[in-house]
Amino acid sequence: MPTGPAESPAIAVHSLAVFDPDELVEAVGSSTLTHTQLSGGSFRGELLAAQFGSCRVDTGRYSQTLISRGVFPQDHVVVGCLLEAPRAGCINGYRFGRLDSVIFPAGAELDYLLPADTRWLTVQIPLAYVEGVCPRARFTDGPTVVRGSHERGVRFAGWMTKLRDAIHSGATQAAGLAGSHAGWLESRLLDAACEMLTDDQRDGTARPNHATRMSLLRSFEQLVEGGAYRDLRIAEIAARLDVSQRTLELCFKDLVGLSPMQYLIRLRLNAIHHALMRASDNAATVEAIARQHGVNHMGRFSSYYREQFGCHPRTTLRKRFR
């Protein structure tokens, strides 16, 4: 089960100046896929791949229209999204356009007419993780298309766009993504993907009653009490509480006006603030205390802390020993 990369993930970059089906297969990391060029003209291709723990992310664009066919791995679920598309294509018989997303169960067949200059992104998630964290995941024999106009489609496409930008930035810097940033991205990636897999259409209209919402909030707090949230993602917490991720999101929106992730951040900030206020060792450092509470990205933490408490964490610590 993915737990977040300890080191920066390698980002593989492939630039193609000629149509070469074998090189395309190697670039996308699937021995079962075949590609056929339909439109005429010189070919240019750009592909990037990044490994986040046990999840693989691929994104690419081709200058010519292609047909891509094959079978996805038996041990991974694949979720894809069209981030940019000059015109709609066709995926397994479904019209598929800009910001539309698609869910492929493990071992599903792919038959995709991909128009020229389309920017696509796919995420491969281990089936074992999906079965353990997304018990409500519902699969058909073939792909499930989620339109970009659908609320969950909009959220997923938004996160995939941010992920694409981060991968491009890491590739440009030739140093990949910082380990802490990669861990944060992987966490949000898995939460977004699991929401796609478990979303229940009834959640949008049938909110739990007040007593149920309060019970969920209290159960959430008990589950993450004592810092357990450091190793849990929202999708995992929802699974442990036996509710869909969307139901959990709605409950938090109604009760505290925050998403579960935002609430977790507030819990962590308050725990660190309390530790800084009560530090007994005058040699204690902000970084050491923050890392004891699971913080890996100090820059982001400092920004959140200042926003939450109106001062830098070092200021809080210094006041303790004046």
Side-chain angles (χ1 to χ4, degrees), residues 1-9 50-55 129 132-133 159 162-163 166 170 175-192 194 216-241 245 248-249 252 255-322:
M1 184 176 294
T3 58
E7 300 178 355
S8 302
Q51 193 77 30
F52 291 85
S54 299
C55 298
Y129 180 84
V133 176
W159 270 110
K162 293 179 181 178
L163 182 65
L177 300 169
S180 58
H181 191 201
W184 180 79
L185 280 171
E186 182 195 5
S187 178
R188 300 315 302 269
L189 160 67
L190 287 170
D191 283 342
C194 285
L216 271 176
L217 180 65
R218 296 293 178 258
S219 297
F220 181 97
E221 292 173 339
Q222 291 172 6
L223 185 59
V224 303
E225 193 175 41
Y229 53 79
R230 300 174 205 168
D231 302 316
L232 291 176
R233 298 186 174 91
I234 299 302
E236 295 177 80
I237 294 174
R240 294 193 184 194
L241 296 177
Q245 189 174 334
L248 196 63
E249 295 273 354
F252 272 78
L255 289 175
V256 295
L258 300 169
S259 70
M261 177 60 72
Q262 290 171 329
Y263 193 63
L264 277 180
I265 291 173
R266 301 304 194 282
L267 290 178
R268 180 175 295 182
L269 289 172
N270 275 273
I272 295 172
H273 180 70
H274 184 268
L276 292 172
M277 294 284 289
R278 299 293 181 270
S280 57
D281 182 358
N282 59 12
T285 66
V286 170
E287 182 173 357
I289 292 174
R291 294 199 184 282
Q292 288 172 5
H293 289 79
V295 171
N296 293 316
H297 195 294
M298 293 303 297
R300 186 178 297 114
F301 157 69
S302 295
S303 177
Y304 286 156
Y305 190 95
R306 288 194 301 271
E307 181 180 343
Q308 182 73 14
F309 299 108
C311 64
H312 194 281
R314 286 196 301 269
T315 303
T316 303
L317 187 60
R318 283 199 299 265
K319 287 181 178 178
R320 170 62 180 163
F321 294 105
R322 283 180 181 173

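Predicted model only: the values in this text are computed from it and were never measured.
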Review point. Less than 4.5 Å apart, any side-chain heavy atom of Leu276 and any of Pro313?
Key: yes
**Study point:** Check: Arg306 side chain, Gly310 main-chain N or O, donor-acceptor pair, under 3.5 Å
**Key:** no
**Study point:** Nearest heavy atoms of Tyr305 and His273, plus distance in Å
**Key:** OH-ND1, 2.6 Å
Study note, to complete from the structure: On a heavy-atom basis, the closest approach of Glu287 and Met298 is CA-CE, 3.7 Å
Revision key, fill the gap. Separation between SG (Cys55) and CG (Leu190), nearest 0.5 Å, reads 4.0 Å
Check your understanding: Where do Phe301 and Val286 come nearest, in terms of heavy atoms and distance?
Key -> CE2-CG1, 3.8 Å
Review point. Is there a side-chain contact between Asn270 and Gln308, using heavy atoms and a 4.5 Å cut-off?
Key: yes
Point to revise | Main-chain N/O of Asp191 paired to Gln245 side chain as donor or acceptor, under 3.5 Å | key: yes
Review point. Could you walk me through whether Leu216 and Phe252 pass the side-chain contact (heavy atoms from CB on, under 4.5 Å) check?
Key: CA-CA 9 Å; Leu216 271 176; Phe252 272 78; over 6 Å; no
Check your understanding: Got Pro260 and Ile237 here, is their nearest side-chain heavy-atom distance under 4.5 Å?
Key -> no
Review point. So do the side chains of Ile265 and Leu258 get within less than 4.5 Å of each other, counting heavy atoms only?
Key: no
Revision key, fill the gap. Correct closest heavy-atom pair for Ala279 and Ile289 would be CB-CD1, 4.3 Å
Revision key, fill the gap. When every non-hydrogen atom of Leu217 is compared with those of Tyr263, the smallest separation belongs to CD1-CE2, 4.1 Å
Exercise for review: Quick one: pull up OH in Tyr304 and CD in Gln262 and give me the separation to the nearest 0.5 Å.
Suggested key: 8.5 Å
Practice item. Please report the C-alpha distance between Thr316 and Phe309 in whole Å, then the side-chain angles of each, then the deciding distance to 0.1 Å, and finally whether the side-chain contact (heavy atoms from CB on, under 4.5 Å) criterion is met. Key: CA-CA 9 Å; Thr316 303; Phe309 299 108; 5.7 Å; no
Point to revise | Point-to-point distance, once rounded to the nearest 0.5 Å, from NE2 of His312 to OG of Ser303 | key: 10.0 Å
Point to revise | Exceeds 12 heavy-atom contacts within 6.0 angstrom, atom NE2 of His274 | key: no
**Study point:** Spacing of CZ belonging to Phe220 relative to CG belonging to Leu255, to within rounding of 0.5 Å
**Key:** 12.0 Å
Review point. Is the number of heavy atoms from other residues, nucleotides or ligands under 6.0 Å of Arg266 CZ greater than 12?
Key: yes
